[in-house]
J.: 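There's a structure below that I have some questions on.
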Amino acid sequence: MDYDFKSIESKWQAYWAANKVFKVTEDNSRPSFYVLDMFPYPSGAGLHVGHPLGYIASDIFSRYKRLKGFNVLHPMGYDAFGLPAEQYAIQTGQHPEVTTNNNVARYRQQLDRIGFSYDWDREVRTCDPDYYKWTQWAFLKMFDSWFDPSVQKARPISELVAKFESEGYEDVTPEIWNAADEKGKSDILMRYRIAYQGETSVNWCEGLGTVLANDEVKDGLSVRGGYPVEQKKMTQWQLRVSAYAPRLLDSLEDLNWTDSLKEMQRNWIGKSEGTEMVFQTECDGRTLPVTIFTTRADTIYGATFMVLAPESELVESLTSESQKEAVAEYLKYVKTKTERERIAQTKTVTGVFSGSYGVNPITGERIPIWIAEYVLAGYGTGAIMAVPAHDSRDYAFAKKFDLPIIPLIEGCDVSEESFDAKEGVMCNSGFLNGLTVKEAIEAAKDYVEQHGLGVRKTNYRLRDAIFSRQRYWGEPFPIYYKDGIPTPVPESELPLCLPEIDSFKPSNDGEPPLARAKNWTYNGYPLEKSTMPGFAGSSAYYLRYMDPRNDSALVDKDINAYWGNVDLYIGGTEHATGHLIYSRFWNKFLYDLGYVCVDEPFKKLINQGMIQGRSSFVYRIVGTNKFVSCGLKDQYETTEIHVDISLVHNDRLNIEGFKAWREEFATAEFILEDGEYICGWAVEKMSKSMFNVVNPDDICDSYGADTLRLYEMFLGPLEQSKPWDTKGIDGVNRFLKKFWRLFYDRDGWIVKDEEPTREELKVLHKLIGKEQEDIEAFSFNTTISAFMIAVNELTALKCNKAAVLSPLVVLLSPFAPHIAEELWQALGNNESVSCASFPEFVPEYAAEDNVTYPVQFNGKMRFTVDMPKSASPAEVEAAVRSMEQTTKWLADKSIVKVIVVPGRIINIVVK
RNA sequence: GCCCGAGUGGCGGAAUUGGUAGACGCGAUGGACUCAAAAUCCAUUAUCCCUUAAAGAUGUGCCGGUUCGAGUCCGGCCUCGGGCACCA
């Protein structure tokens with residue numbers, strides 16, 4: 001009987017679904033374990049072979065944990081709001097909901113074929129009103145909260161209002177508060193709310209007609225679509241993520257994430273400790289204090305000018321009458337530049353003199369104030385002191401505009417470039433002279449504070465998240481405008497559903513698509529017309545899986561307490577600075593308000609590598625329809641053409657297929673090598689346009705899901721990026737066939753109920769030990785290797801004993817669940833193999849009887865000694881010395897030292 | 001420019017963390033079975049010297065160091081991949 005994966009796989013997939021084998025409920029008698037995949041955006045292209053890599057790994061781990069007795073929560077859903085569906089809707093007029101549902105159905109079909117152990121009863125979709133009710137709810141909670149820096153946590157805004165009324169807070173005294181009208185109070189509270197509306201410079205993308213978050217922009221182009229992005233001042237909803245910067249940074253420490261990912265988050269949060277210093281300035285006779293931020297207070301003696309950001313509010317008051325025109329011109333110039341141009345031109349230095357002067361607070365020297373785009377309004381105070389000798393940007397500026405450069409470190413040469421390194425000994429620096437730079441940084445900070453010139457200050461690069469999108473296919477804001485005052489829709493009336501509209505384009509007067517909706521009002525007042533961004537729905541989905549149908553809470557408290565947070569999260573690195581920051585922020589906020597029981601959402605995180613495509617090429621001789629095989633292509637002038645990889649096997653082109661592929665190739669001629677056409681290849685992103693997409697369905701058709709699962713894991717370490725190459729898949733497929741033959745021969749079932757031999761038990765237990773160790777370390781490729789060895793050994797032993805094969809099936813079940821299920825039930829079990837328990841590891845069975853010690857003379861191996869495992873180093877040494885030849889050799893050398901290492905090696909060293 | 005990570009056969013990759021480098025798989029070569037093919041099985045497969053074998057030499061990007069012993073540790077380079085990028 002042969003291994004017929006087709007009937008096996010469809011049979012057991014149907015069985016699992018019909019019996020809800022993977023349905024999970026809270027069970028206090030068993031420990032919980034939560035394994036989560038980053039849920040996919042259901043794109044129109046469907047899954048390619050790279051997508052399931054992480055899902056397979058998490059499924060293996062989930063199944064393993066179940067065998068180990070854990071109650072495993074392993075859910076799946078869809079990140080279903082998003083731009084592509086909307087773009088498609090604009091082009092075709094088809095409602096995004098329709099295309100989204102179609103895509104979801106296709107994804108589901110593809111996922112089901114791979115045999116995942118998801119509890120589909122817990123599926124969530126972010127575009128489902130029952131789901132986004134809780135996204136809107138969280139937004140309202142943020143709207144209704146402020147961040148109290150004294151305790152570093154979110155608190156209800158009512159507590160702040162009480163503070164305003166009684167004692168005042170910051171610059172809002174009770175008098176100011178009580179005198180303010182409703183609009184005034186709303187404006188004051190907006191400065192404190194965690195979800196707030198404020199004017200800010202945003203990334204505006206004309207091509208998409210919407211604003212974008214920083215992580216949605218790369219190199220000045222939108223990540224989706226690649227349209228240019230410009231800076232624009234707009235009033236937008238924002239989330240006060242920056243308030244959480246210190247906590248987001250500090251709690252990173254305890255997370256079981258990779259160092260590189262933590263490092264990326266650290267850079268993105270961008271903590272820098274420095275000093276805020278006040279410089280007196282004067283402009284046309286008027287004086288004005290200006291605060292600057294610096295991390296190098298020690299270089300104050302070299303501050304020869306100051307620079308303001310063009311967008312700084314100080315520019316107007318610090319521009320002298322005489323420079324007014326020049327400054328206005330410069331500001332105009334800066335404004336016309338897009339973000340992309342600014343990035344492209346970082347090397348070109350621009351700026352204008354403001355006409356005013358500042359006073360160096362330590363030297364008392366009068367220094368000019370300039371305006372330049374290399375200073376950013378959004379960071380620090382938007383104003384800096386420039387120290388050209390020790391900052392490369394200031395240096396370039398000083399060179400261009402001929403400003404003085406004063407070196408402050410002994411022996412440094414600043415004639416060609418600045419000396420940015422924080423090393424050396426200070427000079428030209430008054431009280432700092434003779435100190436090393438590191439000492440001087442601290443001494444200068446102390447000095448500034450003691451003399452009242454400024455204060456220590458920590459800045460973060462992390463900005464507040466811009467939360468409005470001028471789009472249709474997203475969560476509507478539960479906010480309406482009562483006489484212009486943003487007012488929340490009552491919680492009891494959530495969800496506020498997306499209205500139907502006739503077209504998904506922006507309205508004719510440039511308003512978001514929701515402006516087209518009829519009656520987009522609440523109690524007669526207009527509702528907010530933007531929608532929430534993609535990360536809104538994905539920020540707390542892991543919580544909703546715990547209790548997906550709860551109508552009265554995001555997640556029930558007891559249920560949340562049972563599952564805790566996500567024990568294992570698997571997904572790509574591309575979310576390092578987007579989703580993974582927002583989710584942590586969102587979770588911390590809910591934690592502050594007592595809605596969730598753990599501060600951090602994801603305990604352990606693994607980033608699976610990308611699976612790249614392996615493209616194949618043919619080489620056409622320029623100006624002809626003749627194609628030359630790869631090895632001979634250097635003899636001609638050729639153009640490289642992508643060829644569909646389904647026409648290529650082991651780099652050999654299917655010539656007939658190629659001719660039939662496209663009309664233009666029907667009459668193609670070929671120059672062959674050894675009678676074959678060899679294609680060239682390259683590793684590239686998997687994409688339709690490169691004809692290198694491999695569909696998991698095709699693999700399931702020709703090899704089966706179990707082979708696909710094994711092969712994806714066997715390809716290499718999970719975290720590593722690697723190209724997909726179908727070549728090696730026969731190996732793991734052969735392994736499954738061999739596995740099958742342990743149970744069936746040509747005539748049928750051959751498993752017998754006999755006592756296993758010691759040798760057979762050794763093979764089994766070696767594997768149990770190895771698998772346990774490897775799975776815990778996520779080294780799935782080596783587990784599979786161990787499996788192959790074990791199966792080869794058992795085949796050689798002709799082992800057909802149930803006592804060995806039965807646990808072997810359980811061991812295989814996380815990797816290849818279908819074949820395991822088939823054999824498990826054939827062995828006479830009535831329950832699914834996923835209800836079995838992981839075989840117990842008995843180290844004595846796995847142990848080798850003897851240890852072979854290689855014996856080396858001065859590091860070179862000469863012979864080996866076989867000793868019982870229990871032998872002591874002294875006994876081993878005695879055995880070495882007693883070997884006849886060796887004794888002779890040892891006798892010749894008067895002094896030797898025998899080193900016996902428990903790591904199984906013996907070294908004889910001649911002194 | 002700054003910060004991470006990685007360099008091992010024809011290929012994907014192992015190596016108990018300082019202890020016989022190249023596990024396992026692919027590919028390749030030879031053989032068995034077959035009229036033949038597929039499937040399956042067996043053998044060989046880092047390089048050099050050699051008819052073959054034994055034996056030897058070389059070998060984990062490069063140069064040097066520590067050690068009885070280095071793919072692994074230290075110092076200095078080179079190359080590739082990823083992230084950030086006027087953040088004062």
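Throughout, protein chains are lettered first and strands after them, A, B, ... in sequence-line order, and every chain is numbered starting at 1. A quick note: this is a predicted structure, and the numbers were derived from the prediction, not measured.
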J.: Considering heavy-atom distances to RNA chain B, does S779(A) or G731(A) have its closest nucleotide positioned more toward the 5' end?
T.: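 Here S779(A) is the residue nearer the 5' end.
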J.: Using atom P of each nucleotide, how far apart are C49(B) and A38(B) to the nearest Å?
T.: 34 Å
J.: Which whole number of Å gives the distance between the P atom of A53(B) and that of U47(B)?
T.: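 Nearest-Å result for A53(B) against U47(B) at atom P: 13 Å.
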J.: Quickly work out the I784(A) CD1 to A14(B) P distance and round it to whole Å.
T.: 12 Å
J.: Check the orientation of H765(A) and Y845(A). Use parallel for under 30°, tilted for 30 to 60°, and perpendicular for over 60°.
T.: tilted
J.: Any side-chain heavy atom of M385(A) within less than 4.5 Å of one from T299(A)?
T.: yes
J.: Please produce a list of atom pairs where a protein N or O lies less than 3.5 Å from an N or O of nucleotides 6-13 of chain B.
T.:
{"from": "G12(B)", "atom 1": "O2'", "to": "L715(A)", "atom 2": "O", "distance (Å)": "2.7"}
{"from": "G13(B)", "atom 1": "OP1", "to": "Q720(A)", "atom 2": "NE2", "distance (Å)": "2.8"}

J.: With the side chain counted from C-beta on, respond yes when Y3(A) and F739(A) share a heavy-atom pair under 4.5 Å apart, and no when they do not.
T.: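 Sidechains of F739(A) and Y3(A): no contact.
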J.: When the P atoms of G7(B) and G25(B) are considered, how many whole Å apart are they?
T.: 23 Å
J.: Given the C1' atoms of G1(B) and U67(B), what is the spacing between them in whole Å?
T.: 39 Å
J.: Got a second to check how far K766(A)'s NZ is from E793(A)'s CD, nearest 0.5 Å?
T.: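 So the gap between those two atoms works out to 4.5 Å.
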J.: Which residues pass the side-chain contact (heavy atoms from CB on, under 4.5 Å) test with I406(A), not counting sequence neighbours?
T.: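 Residues passing side-chain contact (heavy atoms from CB on, under 4.5 Å) with I406(A): T304(A), L408(A), N428(A).
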J.: Mind checking the P distance from C73(B) to G18(B)? Whole angstroms is fine.
T.: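 Approximately 7 Å lies between the P atom of C73(B) and that of G18(B).
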J.: Over all strands shown, is R741(A) touching base, sugar-phosphate only, or nothing at heavy-atom distances under 4.0 angstrom?
T.: sugar-phosphate
J.: Say whether Y330(A) and T350(A), considering side chains only, have a donor N or O and an acceptor N or O under 3.5 Å apart.
T.: yes
J.: When you measure from every atom of RNA chain B, which of residues 258-277 of chain A have a heavy atom less than 4.0 Å away?
T.: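 Result for residues 258-277 of chain A: S260(A), E263(A), M264(A), S272(A), sorted by number.
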J.: Tell me the interatomic distance from I371(A), atom CD1, to C86(B), atom P, rounded to whole angstroms.
T.: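 The answer, rounded to whole Å, is 20 Å.
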J.: If you only use heavy atoms from C-beta on, which nucleotide in C41(B), A88(B), C24(B) is closest to the side chain of I789(A)?
T.: C24(B)
J.: With sequence neighbours excluded, tell me which residues meet salt bridge (charged side-chain N to carboxylate O under 4.0 Å, His left out) with R614(A).
T.: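 For R614(A) the salt bridge (charged side-chain N to carboxylate O under 4.0 Å, His left out) partners, ignoring immediate neighbours, are D651(A), D725(A).
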J.: The criterion is side-chain hydrogen bond (donor to acceptor under 3.5 Å, both in side chains); which residues satisfy it with D730(A), sequence neighbours excluded?
T.: Y703(A)
J.: To the nearest 0.5 Å, how far apart are CG in L808(A) and CD1 in I768(A)?
T.: 8.5 Å
J.: Could you tell me the separation between the NZ atom of K766(A) and the C1' atom of C24(B), rounded to a whole number of Å?
T.: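 Interatomic distance, NZ of K766(A) to C1' of C24(B): 14 Å.
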J.: Is the backbone N or O of E417(A) less than 3.5 Å from a side-chain atom of K399(A), with the two atoms forming a donor-acceptor pair by type?
T.: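 Answer holds: no.
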J.: Roughly how many Å is it from CD in E719(A) to C1' in C4(B), rounded to a whole number?
T.: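 So the two atoms are 15 Å apart, to the nearest Å.
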J.: Return the value, rounded to whole Å, for the distance between atom CZ of R461(A) and atom P of A85(B).
T.: 7 Å
J.: We want to know whether D774(A) and T782(A) form a side-chain donor-acceptor pair, criterion being a heavy-atom distance below 3.5 angstrom.
T.: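 A donor-acceptor contact under 3.5 Å links the two side chains.
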J.: Check the distance between C86(B)'s C1' and H390(A)'s NE2 and give it to me in whole angstrom.
T.: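 It works out to 19 Å between those atoms.
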J.: Distance check needed: G1(B) P versus Y395(A) OH, whole Å only.
T.: 17 Å
J.: Do NZ/NE/NH1/NH2 and the carboxylate oxygens of D298(A) and R296(A) come within less than 4.0 Å?
T.: yes
J.: Dump the intermediate steps for side chain to side chain donor-acceptor pair (under 3.5 Å) on D394(A) and Y374(A), then the final yes or no.
T.: CA-CA 9 Å; D394(A) 297 343; Y374(A) 82 89; 2.7 Å; yes
J.: Could you give the distance separating U20(B) and U72(B) at their P atoms, to the nearest angstrom?
T.: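 About 14 Å, rounded to a whole number of Å.
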J.: Can you tell me if Y379(A) touches the phosphate of A88(B), counting only side-chain N or O atoms and a distance under 4.0 Å to OP1 or OP2?
T.: yes
J.: If we take the P atom in both G59(B) and G10(B), what is their distance in whole Å?
T.: 16 Å
J.: Checking contacts here: which listed nucleotide (U40(B), A88(B), G25(B)) is nearest the side-chain heavy atoms of N792(A)?
T.: G25(B)
J.: Assign U51(B) to syn or anti; the rule is syn for a glycosidic angle within 90° of 0 and anti otherwise.
T.: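 You should classify U51(B) as anti.
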J.: Tell me: NE2 of H575(A) to C1' of G82(B), nearest whole Å?
T.: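 Rounded to whole Å, this separation is 16 Å.
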J.: How does RNA chain B look in dot-bracket notation if pairs are Watson-Crick or G-U with both distances under 3.5 Å, crossing ones as [ ], other-strand ones as |?
T.: (((((((..(((......[....)))((((((.......))))))(((.......)))..(((((..]....))))))))))))....
J.: Say you pick atom P in A23(B) and the same atom in U45(B); how far apart are they, in whole Å?
T.: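 A23(B) and U45(B) have their P atoms separated by 10 Å.
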J.: Does G9(B) count as syn, meaning its glycosidic angle lies within 90° of 0, or as anti?
T.: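 Syn.
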